[in-house]
Amino acid sequence: MIGARSCPWLTLAALAAAALALAACDGARRPSSGVQVEVVSAELGLAGAARDGRWSLLRLRLRNLGEDFRGTLEARGARGPGTGADPATYRMPLEVPGGSATLREVAIPVVPDGWVELRVTLRGPGFEQGFAVPVKVDDPGTLRVLVVAERAWDLGALLEEIRTRLPAAAADGREHRQAKAALVRPEELPSSSLAFSAVQLVLLLGPDPALFPEGAIEALARWVEEGGTLVAVPGPAWGGAAPPAGLAALLGAGGSGEATGGTQGDAGALAVTRAHGAGSVTVFRRGPDPASPGPLSPQGDPELHAALVPALARAASFAGDAASGLRELERVVAHELTELSKLRVPPRGLVFLGLLIYATAGLVLPWQVLGRRGRREWAFAVLCGAALLAILAVWRLGLFSQVPRPEVEEVTVLRVHADGSRAEATSFLGLIAPRPMTADVSAEVRDELAGSRKLLLGPLRGGVEGRYGPAEPLRVPDATLEPRGPARVELAPVQLYPNAMSYLRCDYETSVEGIVAVERQEGAKGPVFRVTNLGRGNLDCRVVCSEGFRWCDSLRAGQSLQVGADLLAKHGRGAVPPYHGRSGAPEAVFRAIAFPSQPVVADGPQRSPWPDHEPGYLIGIARAPVFPELRSFPSRNATAVIVLELPPRIFQ
């Protein structure tokens with residue numbers, strides 16, 4: 001009160017500032033009377049299929065009876081108590097015309113990560129409205145089957161047969177395997193391939209392509225190119241066994257493929273499987289009898305089910321569900337990126353000199369100077385201030401930093417398309433700088449990846465698991481993710497600080513030109529793959545299947561090898577040997593690919609549900625960068641892991 005009486009203008013200024021702050025907060029909370037946006041429905045995932053660590057679409061249906069709304073839509077996940085806040089905020093511009101009861105559908109891609117609910121906020125001039133969407137995700141080991149049909153099908157017998165074959169749990173006892181099916185009518189399909197990310201198998205049970213919304217078939221085709229498994233069964237709307245005109249381009253009418261039922265050869269095969277990008281499309285010649293009990297099951301139609309088994313096996317493997325293996329790799333790759341960097345402990349002499357300066361400036365000199373003035377007790381306050389300045393200088397300003405220049409570390413997994421020209425790439429990046437700086441990764445790679453139909457940037461997820469210790473939360477910077485298209489999400493600038501690495505992940509499509517060349521030929525005992533090393537360094541290769549490894553070799557620049565049944569028959573099976581190289585990440589990739597349902601830090605193999613039908617893989621490791629060069633980060637260390645799917649019949 002003494003201060004208030006002596007300086008009344010300070011009291012008035014404080015009261016005025018508080019009143020303005022309360023008015024501003026109240027205005028932000030309370031929607032303006034002109035805009036009346038109403039959320040009619042909100043759904044996360046396609047037909048309820050959503051999974052941690054995978055892209056999903058948040059689909060909102062809005063209507064606005066008031067004035068036009070122009071602003072932004074923000075979404076941020078809320079985790080359970082004690083698990084920390086999610087660092088990612090998803091933001092997109094939004095316009096909702098007013099004065100009408102017409103529903104407007106809006107979709108924004110998000111990545112659930114331990115969420116219990118999703119908090120969505122609409123912001124505009126003088127308007128702010130928020131609401132929460134409950135989040136329910138599948139168990140990590142769930143095999144999701146999406147049925148696209150015009151009526152409901154009884155797939156209970158098929159799902160029960162899948163459940164009996166899937167492992168009950170992973171080696172650590174946490175990830176229970178299940179099989180779930182969901183029905184989506186053709187007119188309800190979205191126009192973004194990200195909506196199918198949590199699905200391993202899509203069954204087209206005779207839908208009429210005329211019912212598909214605009215862009216839905218293209219989105220489904222893109223999902224298959226990314227590695228999805230698609231099965232198409234004729235229906236009444238098809239008018240015959242051949243795919244209708246609307247689906248002919250996706251299902252590959254004409255041409256050759258792998259016979260998966262009936263007599264050998266396309267003409268007499270019950271089903272024919274063709275590669276499409278990194279994915280697979282199986283087209284049946286006939287459909288099941290709707291009146292039969294359990295269609296597509298061993299009891300309902302044994303012949304049809306036998307032709308379906310290869311697609312089921314692929315959907316449960318790394319080829320059909322690469323996201324599970326990449327998710328496991330994401331848990332350990334942060335340690336690998338840190339080891340690849342030049343982040344080192346400062347020399348002992350430099351540390352000793354720093355401690356000497358700190359003790360002299362923070363304690364000895366203040367003690368002497370303040371002692372002469374009779375204020376020696378103030379030396380403790382000076383010491384605390386010097387400690388804070390030292391912490392600021394070391395951890396925020398980069399004092400004693402041993403990183404000479406900004407650099408990016410990279411571990412990239414390339415899943416090569418069947419034609420050998422393109423690949424689905426997942427790059428795990430570690431950014432580190434000697435001084436505080438702002439990194440705009442999206443701006444630097446936007447031109448280089450302009451032709452890519454997919455660009456998904458964001459922070460690494462989950463925790464970092466060690467072999468002998470519990471999982472630790474991964475410290476990642478707060479990030480703002482902004483959708484730019486159906487399969488394009490860019491990252492806002494990220495603030496970097498010295499002595500701390502920032503971890504990012506980018507999924508995109510790229511060319512393998514200059515890295516590897518893949519050619520497929522038909523031999524007497526099945527397909528033969530010719531692989532040529534186009535890089536500058538060695539390409540270390542091995543063949544991996546669910547039972548272990550078959551063969552490994554190293555290719556120098558310009559060398560080629562042919563992988564087929566003849567070569568694999570010369571080599572026995574065994575456990576996957578350790579990779580003896582500078583990088584430990586490839587070993588984690590081997591385990592993630594050979595055992596997609598098992599954590600990469602667990603010991604012991606896991607049985608395959610369909611060992612005779614599961615594909616194998618040719619894996620090559622090269623010391624070559626794949627992610628576009630960042631001008632702000634002139635130095636980099638990179639490891640590329642090239643994955644080529646091999647048909648199961650060459651292992652038999």
Cut-off 3.5 Å, no hydrogens considered: what does the side-chain donor-acceptor table look like for residues 642-651, sequence neighbours left out?
from: E645; atom 1: OE1; to: R314; atom 2: NH2; distance (Å): 3.0
from: E645; atom 1: OE2; to: R314; atom 2: NE; distance (Å): 3.1
from: R649; atom 1: NE; to: E258; atom 2: OE1; distance (Å): 2.6
from: R649; atom 1: NE; to: E258; atom 2: OE2; distance (Å): 3.4
from: R649; atom 1: NH2; to: E258; atom 2: OE1; distance (Å): 3.4
from: R649; atom 1: NH2; to: E258; atom 2: OE2; distance (Å): 3.2

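L58 CG to E43 CD: the interatomic distance, rounded to the nearest 0.5 Å, is 9.5 Å. Atom CG in L103 sits 12.0 Å away from atom CG in N64 (nearest 0.5 Å). The OG1 atom of T510 sits 11.0 Å away from the NZ atom of K454 when rounded to the nearest 0.5 Å. Here the CG atom belonging to L118 is positioned 9.0 Å from the OH atom belonging to Y90, to the nearest 0.5 angstrom. Here L46 contributes atom CG and L194 contributes atom CG; the two are 11.5 Å apart, rounded to the nearest 0.5 Å. A distance of 8.5 Å separates OG in S41 from CG in L62, rounded to the nearest 0.5 Å.
With respect to the salt-bridge test (charged N to carboxylate O, under 4.0 angstrom), the residues E95 and R104 do not qualify. Contact check on R286 versus D301 returns a salt bridge, with a Lys/Arg side-chain nitrogen under 4.0 Å from an Asp/Glu carboxylate oxygen. Here R327 pairs with D113 in a salt bridge; the nearest charged N to carboxylate O distance falls below 4.0 Å.
In terms of modelled atom types and a separation under 3.5 Å, the side chain of D52 and the main chain of G114 share a donor-acceptor contact. A donor-acceptor distance shorter than 3.5 angstrom exists from the side chain of W238 to the backbone of P207, with no hydrogens or angles considered. Judged by distance alone, with hydrogens and angles left aside, the side-chain atoms of Y617 form a donor-acceptor pair with the main-chain N or O of A319 at under 3.5 Å. Judged purely by atom type and a 3.5 angstrom limit, R51 uses its side chain to pair as donor or acceptor with the backbone of T142. Side-chain N or O atoms of S192 include one that pairs as donor or acceptor with a backbone N or O of P486 at under 3.5 Å.
Proximity of I162 to W610: side-chain heavy atoms (C-beta onward) are separated by under 4.5 Å at one or more points. Contact of the L296 side chain with the L203 side chain is registered, since non-hydrogen atoms from C-beta on lie closer than 4.5 Å. Side-chain contact check for R484 versus E482: some heavy-atom pair is nearer than 4.5 Å. Under the 4.5 Å side-chain criterion, counting only non-hydrogen atoms from C-beta, P134 is not in contact with E117. Considering only heavy atoms from C-beta on, L618 stays 4.5 Å or farther from F529 through its side chain. Contact check for L158 versus L308: side-chain heavy atoms found under the 4.5 Å cut-off. Side-chain atoms of E150 and P186, non-hydrogen and from C-beta on, do get closer than 4.5 Å to each other. When side chains are defined from C-beta on, S56 counts as touching P112, because their heavy atoms get closer than 4.5 Å.
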Does L491 form a side-chain contact (heavy atoms from CB on, under 4.5 Å) with L481? I'd like the steps, not just the answer.
CA-CA 5 Å; L491 178 71; L481 306 181; 3.3 Å; yes
Go through the steps to decide whether H613 and S317 satisfy the test side-chain contact (heavy atoms from CB on, under 4.5 Å), and finish with yes or no.
CA-CA 10 Å; H613 300 279; S317 68; over 6 Å; no
Apply the test salt bridge (charged side-chain N to carboxylate O under 4.0 Å, His left out) to residues D321 and R54: give CA-CA distance (whole Å), side-chain angles for both, the deciding distance (0.1 Å), then the verdict.
CA-CA 11 Å; D321 191 18; R54 304 197 186 183; 2.7 Å; yes
Test side-chain contact (heavy atoms from CB on, under 4.5 Å) applied to L159 and Q178, step by step
CA-CA 9 Å; L159 295 178; Q178 301 181 30; over 6 Å; no
When you look at W115 and V133, which way does the side-chain contact (heavy atoms from CB on, under 4.5 Å) test go after all the steps?
CA-CA 10 Å; W115 297 353; V133 179; over 6 Å; no
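Within the structure, salt bridge (charged side-chain N to carboxylate O under 4.0 Å, His left out) contacts touching residues 509-518 (residues at least two apart or in different chains) are R222-E509, R422-E509, R453-E509.
Closest approach of W223 to V199, counting heavy atoms only: CZ2-O, 3.4 Å. Across all non-hydrogen atoms, the minimal contact from G287 to L304 is C-CD2, 4.1 Å. Taking each heavy atom of M92 and A107 in turn, the nearest pair found is SD-O, 3.8 Å. Here the shortest heavy-atom pairing between T229 and G320 reads OG1-CA, 4.0 Å. Across all their heavy atoms, A423 and L414 have their closest contact at CB-CD2, 4.0 Å. In plain terms, the two heavy atoms of P302 and Q299 that are nearest each other are CD-O, 4.5 Å.
Summarising the local packing, CZ of R61 is surrounded by 12 or fewer heavy atoms from other residues, nucleotides or ligands at distances under 6.0 Å. The number of heavy atoms from other shown groups lying within 6.0 Å of CD (E214) does not exceed 12.
Legend: residues meeting salt bridge (Lys or Arg N to Asp or Glu O under 4.0 Å) with E38, ordered by chain and number and at least two apart, are R63.
Only one option out of L73, V39, V110 pairs with V120 in a side chain to side chain contact (heavy atoms under 4.5 Å, CB included); it is L73.
Between the side chains of T282 and T273, at least one donor N or O lies within less than 3.5 Å of an accepting N or O.
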